[in-house]
Amino acid sequence: MSIEKLTGTKRLVFSIKNSWAGVTDAFKTEDAFRHIFIFSTILVLISLTLSISKTQHILLILCSFLLIVIELLNTAIETVVDRISYEIHPLSKRAKDMAGAAQLIAIVATLLTWLIIIF
């Protein structure tokens, strides 16, 4: 079914189904995504038990979602690079390294946010 022919609610439902397929595929096939997802879920649950302001809750929860989003983008970039070629190429390495760097920065930002709010 072509998305161009869909409009309104049908297009929205079609897009949500495809997006959810991406999440479930990542969860089934990517160890790193599974680890980040489970870790983020635990962080969200812990944040809900803390006696902190609503703004602080929102920051902690957003950090957890950010980790998941960046891991999905990292996985997408790696998948596209691998689709093009498994051959080692400097540009492929660069793309994968930068996607990994984005995830590393998000992890550091999450840790700093938690440390600042908790302590």
Side-chain angles (χ1 to χ4, degrees):
M1 179 179 291
S2 173
I3 195 163
E4 290 81 27
K5 296 178 185 176
L6 299 175
T7 59
T9 306
K10 287 182 182 180
R11 183 182 176 117
L12 177 64
V13 170
F14 182 79
S15 294
I16 290 171
K17 281 183 180 179
N18 286 335
S19 298
W20 187 248
V23 172
T24 57
D25 180 65
F27 196 85
K28 289 177 187 175
T29 63
E30 298 293 327
D31 286 339
F33 178 77
R34 250 188 326 276
H35 296 147
I36 294 282
F37 187 89
I38 291 166
F39 180 69
S40 293
T41 301
I42 292 168
L43 287 180
V44 168
L45 294 174
I46 291 170
S47 77
L48 296 175
T49 67
L50 300 174
S51 181
I52 55 178
S53 73
K54 286 183 181 180
T55 303
Q56 290 170 321
H57 279 293
I58 290 168
L59 282 172
L60 296 180
I61 291 168
L62 283 175
C63 283
S64 297
F65 278 86
L66 180 68
L67 292 176
I68 293 168
V69 168
I70 292 179
E71 184 56 35
L72 284 168
L73 293 172
N74 181 27
T75 300
I77 290 167
E78 289 183 355
T79 301
V80 169
V81 168
D82 290 345
R83 165 66 174 91
I84 294 167
S85 174
Y86 284 118
E87 178 184 321
I88 296 174
H89 187 280
L91 292 176
S92 297
K93 180 182 182 336
R94 237 178 118 201
K96 287 184 170 191
D97 289 351
M98 287 180 188
Q103 184 62 308
L104 177 62
I105 290 168
I107 290 168
V108 170
T110 299
L111 288 172
L112 288 174
T113 302
W114 272 81
L115 289 173
I116 290 167
I117 289 175
I118 300 302
F119 300 107

If you define the side chain from C-beta out and look only at heavy atoms, does anything of Leu60 sit under 4.5 Å from Leu43? no
Please report the interatomic distance CD1(Ile105) to CE(Met98), rounded to the nearest 0.5 Å. 11.0 Å
Measure the spacing between CG of Leu62 and CG of Leu67 and express it to the nearest 0.5 Å. 11.0 Å
Ile118 with Phe39, same ILVMFWY side-chain cluster at under 4.5 Å: yes
CG-CG distance between Leu66 and Leu59, expressed to the nearest 0.5 angstrom: 11.5 Å
Single-linkage hydrophobic cluster, 4.5 Å side-chain cutoff, Phe119 and Val108 together: no
ILVMFWY network linking Ile117 to Leu111, side-chain heavy atoms under 4.5 angstrom: yes
With a 4.5 Å cut-off on side-chain heavy atoms, are Phe27 and Thr24 touching? no
Using a 3.5 Å cut-off and no angle test, enumerate the donor-acceptor pairs between side-chain atoms of residues 45-53 and protein atoms at least two apart in sequence or in another chain.
| residue | atom | partner | partner atom | Å |
| --- | --- | --- | --- | --- |
| Ser47 | OG | Val44 | O | 2.7 |
| Thr49 | OG1 | Ile46 | O | 2.6 |
| Ser53 | OG | Gln56 | N | 3.1 |
| Ser53 | OG | Gln56 | OE1 | 3.4 |

Verify the cluster assignment for Ile42 and Leu115: are they in a single hydrophobic cluster under the rule of side-chain heavy atoms below 4.5 Å apart? yes
Once you round to the nearest 0.5 Å, how far does OG of Ser40 lie from CZ of Phe33? 8.5 Å
Are Phe37 and Leu72 connected in the hydrophobic side-chain network, where two residues link if heavy atoms are under 4.5 Å apart? yes
Less than 4.5 Å apart, any side-chain heavy atom of His89 and any of Val81? no
To the closest 0.5 Å, what do you measure between OG1 (Thr79) and CG (Asn74)? 9.0 Å
If you measure from CD1 on Ile77 to CG on Asp97, what distance do you get to the nearest 0.5 Å? 11.5 Å
Within a radius of less than 6.0 Å around CZ of Arg34, do more than 12 heavy atoms belonging to other residues, nucleotides or ligands occur? yes
